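Read the structure below first, then the notes.
This structure is a prediction, so every number in the text was calculated from the model and none was measured. Protein chains get the first letters and strands the later ones, always in sequence-line order, with residue 1 at the start of each.
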Amino acid sequence: MALLAKPKTIYIENVNKTFSDTSGANVHDVLRDVNLVVKEGEFFVLLGPSGCGKSTLLNMIAGFISKTEGRLALGDEDIDKPGSDRAMVFQSADASLFPWLTVRENVEFGLRMKKVPKTERNRISDEFIRLVGLSGHEDKFPKALSGGMKQRVQLARVLANDPAILLMDEPFGALDAMTRRTMQKELIRIWRQTNKTVVFVTHDIQEALLLGERIGIMSIGPNSRISDVYDVRLPYPRDVADSRFLELLQAIENHFEE
Amino acid sequence: MALLAKPKTIYIENVNKTFSDTSGANVHDVLRDVNLVVKEGEFFVLLGPSGCGKSTLLNMIAGFISKTEGRLALGDEDIDKPGSDRAMVFQSADASLFPWLTVRENVEFGLRMKKVPKTERNRISDEFIRLVGLSGHEDKFPKALSGGMKQRVQLARVLANDPAILLMDEPFGALDAMTRRTMQKELIRIWRQTNKTVVFVTHDIQEALLLGERIGIMSIGPNSRISDVYDVRLPYPRDVADSRFLELLQAIENHFEE
Amino acid sequence: MTFYKKLLNSGVVTWIIVLIGWQLLSVGSNPDFLPGPVHTFRGMIELSQDGSLFRYIGVSFARVLAGWVLGCAAAIPVGLLMGRVTVIRTLTEPFINFIRFIPPLAFITLFLLWFGIGETSKIVLIMYATLFIVILNTMTGVLSVEEDKVRSARSMGASEWKILLHVIIPSTVPYIFTGMRLAMGTSFMAIIGAEMVAANEGVGFMIWSSRLYFKTDWIFVGLFSLGVMGFVTDRLLGWFGSVALSRYGIVGGAVFRGKLK
Amino acid sequence: MTFYKKLLNSGVVTWIIVLIGWQLLSVGSNPDFLPGPVHTFRGMIELSQDGSLFRYIGVSFARVLAGWVLGCAAAIPVGLLMGRVTVIRTLTEPFINFIRFIPPLAFITLFLLWFGIGETSKIVLIMYATLFIVILNTMTGVLSVEEDKVRSARSMGASEWKILLHVIIPSTVPYIFTGMRLAMGTSFMAIIGAEMVAANEGVGFMIWSSRLYFKTDWIFVGLFSLGVMGFVTDRLLGWFGSVALSRYGIVGGAVFRGKLK
Amino acid sequence: ASTQTAAPGAAAEVSANQQTPVKVRLAIDTAAGGSFQFRIAKDKGFFQKYGIEPEISNFAYGIDTVNALLISKADTALAADYALINSLGKGNMTVVSALTRTNEKSAAKTLLFVRDNINKPEDFKGKKLGVAKGTVYEYVWAKYLEKNHIDEKEVKYVPYSTPDEAFVSLQKGDMDAVWIGGALIDKFKTIKGVKSLIDVSGSGVNISSYLLLDSSFVKNNPDAVSSVLKALDEGIRYIPDHKEETAEVAFKELKLPKDRVLEDLQSTNYTLGFTQEDFDHLQDVKQWVENKGILKDKYELKDKINIDPLKKALPETATYKP
Ligand SMILES: Nc1ncnc2c1ncn2[C@@H]1O[C@H](COP(=O)(O)OP(=O)(O)OP(=O)(O)O)[C@@H](O)[C@H]1O
Ligand SMILES: Nc1ncnc2c1ncn2[C@@H]1O[C@H](COP(=O)(O)OP(=O)(O)OP(=O)(O)O)[C@@H](O)[C@H]1O
Ligand SMILES: [Mg+2]
Ligand SMILES: [Mg+2]
């Protein structure tokens, strides 16, 4: 399989994840036998109830935490640490943005770490700040921005590093319903423009259906796994009142109510 | 009009609200010319974008903050301070529950303040804890509960005081999508069972349509007012896939996109 | 968790390292200046034989405790009042932010004048040392009570007095407790000053009179006793807090604590 | 805001009340016991005429500042290290929670031995007084850096060293700053101890030697000077923080502050 | 026995009735000298024997006992001549007896330690001289320099408060010379590069110390004062034959190291009495202090002396005639 592996495809094979507490006495089996392949350029949504292990799985793909058993790879390279080919958009922009840096400085952070020269840095940050629709706000500090704007900064910051894969952990969970709707539309636009692979975590069925090409459903923890994968063959932008949309919504809702 | 006033009807007439900062120099006109009558036993939803002044209006009805101009009354009594005829369910249960009291003690708080004897208190708290579906959790502390359960405690605590009016400020805003759905159903059940007047604040159009008999739409601030009131003549429980539901949803969405 | 981690967490390793370091440092120096652990231990035995070291520890401890308890008892109501009443806070704040920079030591003579050479002046000195930190912590606690809690209590019919009793005070317990715990530290700091003048016994007195007679090993016994007294009291207090006050959100361990997982 | 509120907020009213209270208290008492404002003011003039009060203030201030700056400079790296490296934290924590109960005063002899009778030992004593509070605050700050910040920096290619420099330190600035500000308080507390030994000048020296010669009014001048020095430094520091470090989330005003709106 | 504080009004009654012990608050020092005659008198019951109920409080220095007397927290205090002269102007204090006087033997136990580069008085110019704050050594230095025609401006005083500071400073060269008495001289002799130049008699100063009482206390309770003096006299006579025991008492009560106390006892010459020489000596000190402009409060020395109780207790020692 290694020979055939596409360089930016995510392979998850029989992955288990167990947390144990300080004394080592209590073991918490979060994930068991997770299998998944996310193709290059795909928009994949992980949908599951609270606490089932969605963030845990995403953090393992990001390389932030290590698997207990199984195989996790990007192409034919095992994932064992964070890499600049993967980038995470966190749920809370407050927790992940650097409040002491301006919007521009936040977006340029990764470039500065890579010692990209200043003019080049400025060019890139300009581009992505424009892409997420924040032109004119470059010199503001995060605390002066609304929740939606902060998530845009996170997105721009991540895109500026040109990762192959975007990992998004309920990025719109804290936004109000209307801002959320706008951000979802924007994300689809940006994804189509940049052609990144996206793994998007949510527990909102409607959101999953608005965004994902495929939706992986996770079962309730402990020992959660990806129990089903739905293929959403609807064109973008999707319409919540569309009948096929509603059909799928109903189907997934029923799936959870069982 | 005073003569005709029903005792538990909320009258809001030409109410203005202005905040001014410390120095008194910067004046912030939040509400201007707000007019509204909420009838006894009605489920009224206030819908509006973030920051338009929904909470401000609700806090004025609760008597927590005072109006700048206009008339605010309950029946023919002016509202100028909090009263046990009105009760607020806050968005954040963490901020409003008493973490040092158990579920039962939280629910009994108001009764204790009114010096209701212990056996009577226990009877009432039992009843409302059962009503919100928390039987068996009486002796837990709030921090041992999930977000949804905490909101149930808030609801039980408020109901135990038997207020005529329930004021709810985005009570489900912090819950995950699935828990939220369940809570919405429960609220409708409880409302129909207890016959309270409910004023419910949200910025989620779908939530508004799922819950409200009437929906008051607030315009974007500053100088926000109730620009439209929709009458939702759909039976409960409502179905998000119902065509009339979708029609109304579309209509309100269009209203906001204008 | 492995055995080594447990060992590390217990602090035993720390103490072994400290003792070895101390011994190494002291080997090269004159024991009159830096007595090693052995010297100090010998001094400790010398002072313990007639039980006087323990009596001194007891006496100092009683003074610290009395001053600390009285200081807290005075500070908490003041802090609550300052937190609840803006006018009082605004009025007292500049004065408190002025007087808190004046060290207890500076008041020795004055307290002797005002309260005599007996126990009172010593206890008052320790009270003084605990006062401000508890006041300011309590006040901060009151100021950070969530408005929603107060509002919900009020709309459930609680009077201002009941709100204070049933909402403000329970919410502020963690802040008061932290303040009291930090103040315990400053109380121990003040004991040397308190026992410098007109004391007949106590660890501070011992340190001071050993200085006059240049008995460095006894000074070290005193220092060591103070450290142990402080450490033990702090841990006990933490333990008490986590047991008795857990419903108010107080967790155990040192104020600042490190543990391997 | 009305004129009265402004007056209240400025602290002028507070001082007027304090002065009146002080005057009333002192009227009935022997000035040797409690010199009133007038007496104290006369003492102040007496001590200022040859400029010695100002020189003393200057000298003490320089010592506090030097000790505080050096103490912070030593404590911040230690605190960062303790925060980042669990083994180090676990190893050092019991010792730090032991030694922080030992008052600086107790170390006078040792510091004299190691650093001589001159300025060094005084400055080291003040360093000691600032050390633990800054270490522990810095450590707490490091421990409360959100994991998400570190993770996002790491996935953007930052090395451990760059994470320390560009994420941990900036995030910890508010904690470090609070620690430094509190430590400024303890530095002022330690100045009397520092100037008790072999000092010819300084406010602590003045208080201490006035004690020997029973000049209560001069003691009061000393107390007053210390309070004012502390108060002013604290406000300056707060102001500096809110101007220069605002991007790190530091706001102005006293650590504990009350204002009418 | 019921106790009674010596209130002015009750004075006559108290002294008439020896059965009721008079409470006397004795403030004594723990530093060099140690005031062991007081401690022994208490420990051996001499005070009780004379109808006195002693209440002892300890202070680090003599000057602190004077302050305690000044603020009426004690009835008695003790002070060396120099501090005494400086303090007498404040409050209402009366000198009732001498407590220690320098004799040859005790003078030999107070030495001037100097660093090796000092061999003769002229060498002190430009040097750093250690002086214990608030003690008689301020005076000793001044007299010594005066005697050797050295201007005080040519030296630099380094104040210190406890002997360990002097020890360290001398060793490190932060001080060039310091006067040290009693138990610690052996320790100072061990410092490398330091030697003892002369003993205190070389300064021309005879250090003596005195017992001070609150004036009104003396006026109202002359008999109680006599009793105190009698008890002290017994204490003084007891010590020479019971040095070990005295050291035991010092350890028990104060945690003073026994060996050091024994040393101290060697060098202290406890006494009681008040002679014309005492008066002249104090007058000399006073004159000198006045000439130096140090003395702030003016007073007449003879007004501050009352040896009537001493005359009654130990007539042969009270030879001074006002
Ligand atoms: N570091 C950890 N130590 C122990 N248990 C953990 C840890 N992190 C997560 N868990 C547990 O693993 C389970 C899954 O957590 P995770 O955060 O992945 O859920 P989630 O699906 O992202 O939930 P949510 O929708 O609430 O974010 C939970 O039960 C959680 O308690
Ligand atoms: N105490 C206050 N002082 C000054 N301005 C205030 C105060 N409270 C609210 N405001 C301002 O009034 C406006 C309305 O606030 P409000 O909280 O009522 O909005 P909201 O509709 O509830 O918003 P959200 O949906 O975000 O809760 C906002 O612009 C807010 O900044
Ligand atoms: Mg998650
Ligand atoms: Mg709101």
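Between the CH2 atom in B:W100 and the OG atom in C:S246 there is a gap of 14.0 Å [rounded to 0.5 Å]. Annotation: the span from C:D148 atom CG to B:Q91 atom CD amounts to 9.5 Å, rounded to 0.5 Å. Between the CZ atom of C:R151 and the OG atom of B:S96 there is a distance of 11.5 Å, given to the nearest 0.5 Å. From C:E147, atom CD reaches atom CG of B:N59 across 9.5 Å, with rounding to the nearest 0.5 Å.
Considering only heavy atoms from C-beta on, C:M156 stays 4.5 Å or farther from B:K114 through its side chain. Looking at heavy atoms from C-beta onward, C:P170 lies out of side-chain contact with B:F98 at the 4.5 angstrom threshold. Counting only heavy atoms from C-beta outward, the side chains of B:M113 and C:I163 never approach each other to under 4.5 Å. Side-chain contact check for C:V167 versus B:F109: some heavy-atom pair is nearer than 4.5 Å.
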Go through the steps to decide whether B:K81 and C:R154 satisfy the test side-chain contact (heavy atoms from CB on, under 4.5 Å), and finish with yes or no. CA-CA 9 Å; B:K81 59 173 191 296; C:R154 187 169 290 140; over 6 Å; no
Begin with the C-alpha distance, continue with both residues' side-chain angles, and end with the deciding distance and a verdict on side-chain contact (heavy atoms from CB on, under 4.5 Å) for B:R157 and C:S152. CA-CA 10 Å; B:R157 180 175 75 169; C:S152 60; 3.3 Å; yes
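Neither the backbone nor the side chain of C:V145 comes within contact range of chain B, judged by heavy atoms closer than 4.5 Å. With a threshold of 4.5 angstrom between heavy atoms, B:D85 does not approach chain C through any atom at all. The contact between C:S171 and chain B is made by backbone and side chain atoms together, counting heavy-atom distances below 4.5 Å. Proximity to chain C (any heavy atom under 4.5 Å) is shown, for B:L111, by neither the backbone nor the side chain. In this structure, chain C has a heavy atom under 4.5 Å from the side chain of B:K143, while its backbone stays farther away.
Donor-acceptor pairing under 3.5 Å is lacking for the side chains of C:R247 and B:T102.
Within 6.0 Å of the CD atom in B:E77, the count of heavy atoms belonging to other residues, nucleotides or ligands does not exceed 12.
Remark: side-chain polar atoms of C:K149 are paired, donor with acceptor, to backbone N or O of B:A95 under 3.5 angstrom.
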